[in-house]
Structures are given as structure tokens and as C-alpha cells.
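Bear in mind the structure is a predicted one, so any value in this text is a computation, not a measurement. All chains are named by letter (A, B, ...) in the order of the sequence lines, taking the proteins before the strands, and each is independently numbered beginning at 1.
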Amino acid sequence: MTAEFLDLAFISGLMGATMRMATPIIFAALGEILTERAGVLNLGIEGIMLMGAMTGFLFTFSTDSIWLGVFAAACVGMLLGFLMALLSVNLGLSQHVSGLGITLFATGLAMFIYRLHFGSPTVPPVIQPFKQVALPVLSKIPVIGPGLFTQYTLTYVAWLLVPALSILLYRTTIGLKIRTVGENPVVADTVGVNVTLTRTLCLVAGGALMGIGGAFLTLAHQNMFLIDVIGGRGWVAIAMVIFGNWNPLKATIGALIFGFLDGLQLRLQSVGVVLSFHLFLMIPYLLTIIALIGVSRRAAVPAGLLKPYRREERGG
Amino acid sequence: VDERGKSVIRFRIIKRKPLPGWAKIVIPIAAILATLVLAAIPILLAGGHLWKSYYYLFHGALGTRYNLLETFVKASPLLLTGLAVAFAFRAKFWNIGAEGQLLAGALAATVLGVHLGSISPVLVLPTIIIGGFLAGGLWASIPALLKTKLKVDDVVSTLLLNYVMIHIMGALLFGPLQQPGSSWPRSSAIIEAAQYPILMPRSRFHMGIIISFVAMLIIWFINKKTTFGYQAKAVGTNIRAAHFGGINTTSVILWTALVSGGLAGLAGVGELCALQYRLIMDISPGYGYSGIVIAMLGNLHPAGVLFSSLFFSVIIVGAQTMSRMTGVPTYIAEVIQGMALMVMLIFLLFTEYKLKVQRK
């Protein structure tokens, strides 16, 4: 009887943890899909998430308003997205290198600002994080309800954003324009779509999502900022975009698998299963690589990805 | 003047004629100067006195004999990871995994360095150096194989493998490699024969610095004088053309990865055998990632990489003194690195293109 109850509680808890741990990856992956669909690989993602995590924490700490923290994280993400646009779209620099540049710069900046503001205290400062919200009715469903439908507001937002981005990309004129810019900028330009502007706006909006994804980690998942808080989740998000074939829904499935493993690892630790903690932490990354092997050969990469567009150099 | 009667100025980026050879030297220097000027912003934001900060930055790195030699100590891993990245990027193998390859090298050096007590002391260091090189190289050949055989994107796979290696190291340091009796994630100390000799008294100037300089010369030679160097360049310029020109592109990428990862592995060997003497989790403060900036700033040329690794070690070593004397956080070094990369990129762009102002 007790064992059975524990099992149910464990499963329910695991489902909840899966949703929680998938949230930052979903935000970041959606942001990356938006920019890659417009033809720009944004390797600044890891740094943008870290800046989002730091800025969100800093603003919440200083103003006691957690939503202001989320807003600030989105703004910082937009600024960095804009910087990425300046380098890779307006100046047409290598997307690989400008993205890595943004990540290195943003990582340094996040640690610099944090240290500047908080010094190096022995006990890291904390904030009052988001509380989980139980959805009426749904959270009462036996077994799955309490886990799946008692989540942070940002998790629900992430779930709403998945269909929203799908509709935007596949069902609207704006989406068609974005995809055309990503597939064939020359055609887009010929029919009067402003390639530079479209790519810039996508990078800015994508940056906002990445920033919020980072902020989730310091405002909901944890209540403090640690330097390794992102821990490669930005790169995982990029891998999920490839895994999901640049489709919001499929990338989300990938994010859930990652979230499941991440959540399982946390759960097992909390129940006191003495499995090598590091070996377990490695699994999500290994599985991501294996998943990439599976999908890479049939990947539908946006044809304009990685190619800077300069009207003056248009072939012909 | 457009319809609304406003004068419109448009900036366009157009290709320019190739710049003369001296530009290749002047432009990185100009980029460094521009970065130092830009660095004034975070320094001032941190409330540091500007001139004092710059003074301590350079005095801290170059002002005394010990500090100057320390700058070389810091430059050694940076030069190796910079070379590793530059060598890979030249063949367009996007190796972002130098950090993991460095750790692989350090890991191999630890295993060998702790257990090689039974062989002749003369053979210990050569074995460790070769072992570290191979460990880094083999770790890098995984993403190269994935790229060439299975078309897996190398940027993502090299990045993800960094985290896999960190956790392998963590698992070993909490497991079989953990120093008996210790509760910390650290290995036993390596034997004395496995330590790099110190070459200058009263300093940490060690043999690894010489190794990194020799590596620089070897890479320069490979790039300039060997068929392989030519083939790697061809693969990097246009892989299809190289393929149709009869170059075995798969083998070129694999060998490139092996050498690139091996160089990063040597950086790990150096950190272990010359400075730490035992493996700890934070054996590298991100040297692998700094290598990317250094390679780009050095324009992927070995001499350029040497120059930029020295510049960065000045910044990193100097930032310690600057932080102590002016209160500007040491993370300023990371901020400057990021800035330097972006400034250099923009400067490089304008070696190929120019900005044209059009009025219409």
C-alpha cells in the first residue's frame, strides 16, 4: 500500500519535474526556431539565456517584482538579439562566429554585472521565486493532474507559445514571409519583403524568448543566480531545433524528453538513489547527440541558413 | 530626397580591392586598441579610475619579472587552444569543443601521471604528452566522424561533447580517480617524474610553454609547407571543389580533428603537469572557449594566434592586479575577450568590404 502510494507520488512528481525542466528549453528552442526559420543561426543563445537569468534575478532582487524581472530579461534578450542582427544581418558577418562572440561577451558581462552588484558573498543572495499555480479542475485529475497542471505560470506560457508559433509560422502571411526569407532571400526580396528587417525582427523576438527561458531558471526553478545556471541548455535547445526539424511542436517533444531525463535525475537524487550523479547528468547530452544522428540525414535545414544576404551581391 | 521631402542617406556595404599586406598586421593591432578603448565603458561603470585601471592592467601583467613570466604561463594553454581552433576552422571543421578536448588531455595525463611509477622516469613525460595529445585528438575525432559519416552538425556536437566530458570527469573524480580518503572531487597527485620541469628559478615558467611555442612553429610549417596543409585549406575554402579535385575530404577532416583536439589536449596536460599536479573539476577556466576568440583575433594564422594569446594572457593576468587595486571585478577579462572578438570581426569585414554612403 505504502509502496504503491510512493510510486504514484513519484510518477506524478516526475511528470511535474519533466514539465518544469522542459520549460527553459521550450522557450529557448522556440526563440531559435524563429531566428533559424528566418535564416539566422543564433549561437548567442547560451549567453543570451545567461544574461536573461542574471538580469531577471537582479531586477527581481532590486524591485521585488518578479514579473518586472521577466520583463527585464526579455528586454536584455531583445538587445542582444539586436546586436546579433547588427553583426550577422546588417554587416553580414559569419553567423557561427558572431553568435559565439555574443555568447562569450554576454557570459562575461553577466558574471561581471552580478559580481559588481553583489560582490562575492559567502551565501548567495536569494529572491522570493514564482509559486506554482494549480489549474482548477485539471489539477484534480487523478495521478497525472497534480503533476502536470500544478506548474509555474511561465510553464503555461511556454505551452501556449508552442501552438502560437506554429500558427504564426504556417498559417499567417507574416509566417510565410519569415519562411521565405529563410529559404530563399532573393525571392523574398524580389516580391518586396525586407530581408534585413525581417531577420532583425526575428532575432529580436527570438532573443526575448531566450532571455525569458534563462530567467525561468533563476526566478522559478531556483531562487538564486549561479554562474553555471544555464549549463549548456542553450546548446541543447539548438540541438532540439535540429531534432525537431525546425518545427515548434516536434522541438517541444525533444525538450520534453530532455526535461524528463533532467527531472528523473533530480527525483532520483531527492529519493536518495545513489547512482553516479555525473553519469546521470551526462545522459541527456548523449541522447541529444544520438537523436541528432538519427535526424541529421533527413534534416530539412532552411536553405538560406548561415548565408548572409547582401543585395549588391545577388547572383545574376 | 524621397517623396516626403526628406533627404535619405543609405549605407551600403560593397566589396573593396584587396588591401596591401601590412593591413594584416595593422588591423589586429587597431582592433586591440579599439577594444581597449571600449573596455573603458565597463571599467567606468564599475567605478574604476580609468588611467589607474589601465596602468594596473598592464603593470600587473608586464611590470615585474614574476608577473611577466606569469603572463607566459597563462599564454601557454591559450596558445594551444587557439592553435587547436585555428587549425580546425581553417579546414572549416567547426571545433567548438576545445574545452572538452583539453579536459580529455588532462584526464589522460592524470591517469598516466598517477600510475606510471614503474617505468623509467625518462619515459614518463613523453608517454604522458603523447597520451594527452591522443586523448584530446580521439575525443575530437568523434564529432569529425559524426560530421563526415553521418552529417551531424559539428558546431552542436562539439559543444554538447564538452558537457559530456565534464560529466565523465566528474564521475571519475567522484569515483575511481578520487584521491583515497578525500571527500573532494580531486585525484591523487601525479608522481614527480610526471611534472613538467620549471625552467626559470623563482617562477612557474615551465616546459609546457616551450611545447606550445614549438607546436605553433609545427602548425605554421604544416600549413605552409606540406600537402596536408594545402589540402586542409582547400577543404576549408570549398569542400566540393576539393572533393572533385581529388582530395579525400573525409580523411582531411579526420586528421584535422585529430591534430586540433591533440593540441587542446596538450593544453590540458600542461595545466595538470605544470601547475595543478592533480586533477580538479575547475582545471580550465574556459581556455577552450577563449581559444575561439584567440583563433579569430589571430586571423587563423599561427603567428596571429601567438600574438593574440599573448594579448589575452596580459588581460587575464593584469585583470587580477587591476581588480585588487581598483575593485573592478576580474570578470572584466571575459568581457574584454567578448568585445575583442566582435571588434575584430567588424574590422576584418572592412578589410574585404567598405561602407559606401549614398544619398538619393
Counting only heavy atoms from other residues, nucleotides and ligands, does the tally under 6.0 Å from CZ of A/Phe59 exceed 12? no
Taking the side chain as every heavy atom from C-beta outward, state whether [X] and [Y] have any atom pair closer than 4.5 Å.
X        : Y        : value
B/Met342 : A/Leu83  : yes
B/His167 : A/Leu279 : no
A/Leu104 : B/Glu334 : no
A/Leu43  : B/Trp94  : no
A/Ile238 : B/Asp153 : no
A/Phe105 : B/Leu341 : no
A/Trp235 : B/Asn162 : no
B/Val156 : A/Leu292 : yes

Quick one: which of [options] has the most heavy-atom pairs under 4.5 Å with chain B, could you say?
options                      : value
A/Leu109, A/Val97, A/Thr288  : A/Val97
A/His96, A/Glu46, A/Arg115   : A/His96
A/Tyr285, A/Phe112, A/Tyr114 : A/Phe112

Could you pull out the closest heavy-atom pair between B/Ala46 and A/Leu116, with the gap in Å?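 Closest approach of B/Ala46 to A/Leu116: CB-CD1, 3.3 Å.
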I need the minimum non-hydrogen distance between B/Leu160 and A/Ala239, along with the two atoms involved.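 Reported closest heavy-atom pair: CD1-CB, 4.0 Å.
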Proximal component of [X], with respect to chain B [non-hydrogen, under 4.5 Å]:
X        : answer
A/Ile227 : side chain
A/Leu87  : side chain
A/Leu41  : neither

Tell me, side chain or backbone of [X] under 4.5 Å from chain A's heavy atoms, or both, or neither?
X        : answer
B/Pro143 : neither
B/Leu173 : neither
B/Ile96  : side chain
B/Val164 : both

Assert top hit (heavy-atom pairs under 4.5 Å, partner chain A, pool B/Met165, B/Met296, B/Met169) equals B/Met296
Most heavy-atom pairs under 4.5 angstrom with chain A, which of B/Leu146, B/Thr330, B/Ile332?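 Top count of heavy-atom pairs under 4.5 Å with chain A: B/Ile332.
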[X] [atom1] to [Y] [atom2] distance, which is reported to the nearest 0.5 Å:
X        : Y        : atom1 : atom2 : result
B/Leu150 : A/Ile289 : CG    : CD1   : 12.5 Å
B/Tyr289 : A/Leu100 : OH    : CG    : 10.0 Å
B/Tyr163 : A/Met282 : OH    : CE    : 15.5 Å
A/Leu93  : B/Leu349 : CG    : CG    : 5.0 Å

